*Asks:* 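So that we are looking at the same thing, I have put the structure below in structure tokens.
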Amino acid sequence: MKFFKQLYVQVLLATALGILLGIVAPETATAMKPLGDAFIKLIKMIIAPVIFCTVATGIAHMSDLKKFGRVGGKTLIYFEVISTFALILGLLVGNLVRPGDGFNIDVAALDPAIAAQYAKTAESMAFTDHLMRIIPDTFFGAFAGGDLLQVLFLAILTGFACTMLGEFGNQVGHWLDNASKVFFALIRIIVWAAPIGAFGAMAFTVGRFGSASLLQLGSLVLTFYVTAALFVVFVLGAMARYTGFSIFKFMSYIKEELLIVFGTSSSEPVLPQLMIKLQQLGASRSVVGLVIPSGYSFNLDGTNIYMTLAMLFLAQATNIELSFYQQATILGVAMLTSKGASGVTGAGFVTLAATLTIIPDIPIVALAVLVGVDRFMSTCRALTNAIGNGVAALVVAHWEGELDHVQLRRALEQGPEVTAATQPRPAPAHMPAQ
């Protein structure tokens, strides 16, 4: 019975039941959608204050502000390099496997209304719009809207302000630290509803879209999953080995979070728990607090693979041959449009639409082909994004000398403890104060 008390086991069983209900009773399964939506809303309700308190506290307690700039610079460089690898991998696999060959889709026969709704959303995703969206209309508006980039922006400003206020700033930092403990306690309560959320989300997905659409575009879905797996094993695996740990042991350590991502098709519900796990692995609080929130907007590895692979698929399926120059243009544009889209519902699909509106070579109406399977592919995008951001935090912490390798090896060997979801592990004594 102790086995069934494990959260990841409950999530796995609930996901399986959701799939079964979707196959046996599609209409009933579709009605389960509010269960998944409610769980995601509960988590999103907590994410903004957790990010604000964690990041602001970390900066407030930094004695050297140059450290913040150094950590931020290394983080952005890592994000850009790894994201570019992901985009290039999608292009390489798309050209080698050519999953769209043989579809011979007549663009004129597609319903333009299906793609129009995504194109309309994508029109507001120009690069300047991304930059302007970082600044909230009001201080509390960022928390009300739940935009992580805006919350991160406010947290950084608040942290800097605290460092300028001397002892009073330290007191504010301690107050924010105590407040974060309350929010993490709320997370411990909410996370036990994960099996219900996973059941509702998976039941809706299978019941609404069924297996027919998955089989129809199975070549693309299978190619995407295999490509993402190769990226995780070889690219992220290489970064993990460089840092001193096994990517497989790391994924085993965060298996509960990955199962929640699998069930809900979103990486946001596990953001707070992932931050806790990374601190328990020995990464400093300040590094985790900066890398993870920013990674959810700037380090979307799964989304990057999907974008270039899906664009080549649409070109091949509509019998459009893209030259090397055209593909290079797609790569360059995707490097910009893939940033900062996490706050948009269906971010991967909308980001793809945004890229297609800039590149006229592939008709945007072709997006209608992917609507039926996007929910299945969003699961893989979210899983890859979550793993990628976890690895990024450990790599940057290693670069900064703020990763306890002894604790990292011990934790990965022993696995997450029963009390893993209680509170972040304090930094070792030999580390800089957070």
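What you are looking at is a predicted structure, and each value in this text was computed from that prediction instead of being measured.
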*Asks:* Under 3.5 Å, side chain of Gln316 to main-chain N/O of Gly100, donor-acceptor pair present?
*Replies:*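 Checked: pair present.
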*Asks:* Can you find a heavy atom in the side chain of Trp192 that is under 4.5 Å from one in the side chain of Gln10?
*Replies:*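 Yes; the side chains approach each other to less than 4.5 Å.
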*Asks:* Quick one: does Leu394's side chain get under 4.5 Å of Val288's, heavy atoms only?
*Replies:* no
*Asks:* Looking at Asp177 and Gly173, would you say the former's side chain and the latter's main chain have a donor-acceptor pair under 3.5 Å?
*Replies:*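 Side chain of Asp177 to backbone of Gly173: no pair is present.
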*Asks:* Under 4.5 Å between any side-chain heavy atoms of Phe204 and Met32, yes or no?
*Replies:*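 The answer is no; the side chains never approach within 4.5 Å.
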*Asks:* In the structure I gave you, are the side-chain heavy atoms of Phe262 and Leu12 within less than 4.5 Å of one another anywhere?
*Replies:*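 Not in contact.
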*Asks:* Check Pro195 against Ala14 and note the closest heavy-atom contact, atom names and distance.
*Replies:*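 The answer is O-CB, 3.1 Å.
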*Asks:* On a heavy-atom basis, which atom in Asn304 and which in Ser83 lie closest, and how many Å separate them?
*Replies:*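 The answer is ND2-CB, 3.2 Å.
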*Asks:* Using atom types as modelled and distance alone, determine if a side-chain donor or acceptor of Tyr296 lies under 3.5 Å from a backbone N or O of Ser267.
*Replies:*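 Yes; at least one donor-acceptor contact below 3.5 Å.
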*Asks:* Within this structure, what is the CD-CG distance for the pair Gln280 and Leu412, rounded to the nearest 0.5 Å?
*Replies:* 11.5 Å
*Asks:* Which residues satisfy the ring pair (Phe, Tyr, Trp, His ring centres under 6.0 Å) test with Phe39, sequence neighbours excluded?
*Replies:* none
*Asks:* Please report the interatomic distance CG(Leu157) to CD1(Ile135), rounded to the nearest 0.5 Å.
*Replies:* 9.5 Å
*Asks:* Enumerate the residue pairs fulfilling side-chain hydrogen bond (donor to acceptor under 3.5 Å, both in side chains) with a member in residues 18-34, sequence neighbours excluded, ordered by first and then second residue.
*Replies:* Lys33-Asp37
*Asks:* Any heavy-atom pair between the side chains of Leu154 and Pro136 that's under 4.5 Å?
*Replies:* yes
*Asks:* Closest heavy-atom contact between Cys53 and Phe183?
*Replies:*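 Closest approach of Cys53 to Phe183: SG-CE1, 4.1 Å.
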*Asks:* State whether the side chain of Thr158 and the backbone N or O of Ala56 hold a donor-acceptor pair below 3.5 Å, judged by distance alone.
*Replies:*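 Not confirmed, Thr158 side chain does not pair with Ala56 backbone.
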*Asks:* Are Phe79 and Ser294 packed together at the side-chain level, in the sense that at least one heavy-atom pair is separated by less than 4.5 angstrom?
*Replies:* yes
*Asks:* Check whether any side-chain heavy atom of Met275 lies under 4.5 Å from a side-chain heavy atom of Arg285, and answer yes or no.
*Replies:* no
*Asks:* Is the shortest heavy-atom distance from the side chain of Gln327 to the side chain of Thr308 under 4.5 Å?
*Replies:* no
*Asks:* With a 3.5 Å cut-off and no angle check, do the side chains of Glu80 and Asn299 form a donor-acceptor pair?
*Replies:* no
*Asks:* Show me, pair by pair, the donor-acceptor contacts under 3.5 angstrom made by side chains of residues 229-251, not counting sequence neighbours?
*Replies:*
from, atom 1, to, atom 2, distance (Å)
Tyr242, OH, Trp399, NE1, 2.9
Thr243, OG1, Met239, O, 2.8
Ser246, OG, Phe248, N, 3.2
Ser246, OG, Lys249, N, 3.4
Lys249, NZ, Glu413, OE2, 2.4

*Asks:* Rounded to the nearest 0.5 Å, what separation is found between the CD1 atom of Ile330 and the CG atom of Leu91?
*Replies:*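 Ile330 atom CD1 to Leu91 atom CG measures 7.0 Å (nearest 0.5 Å).
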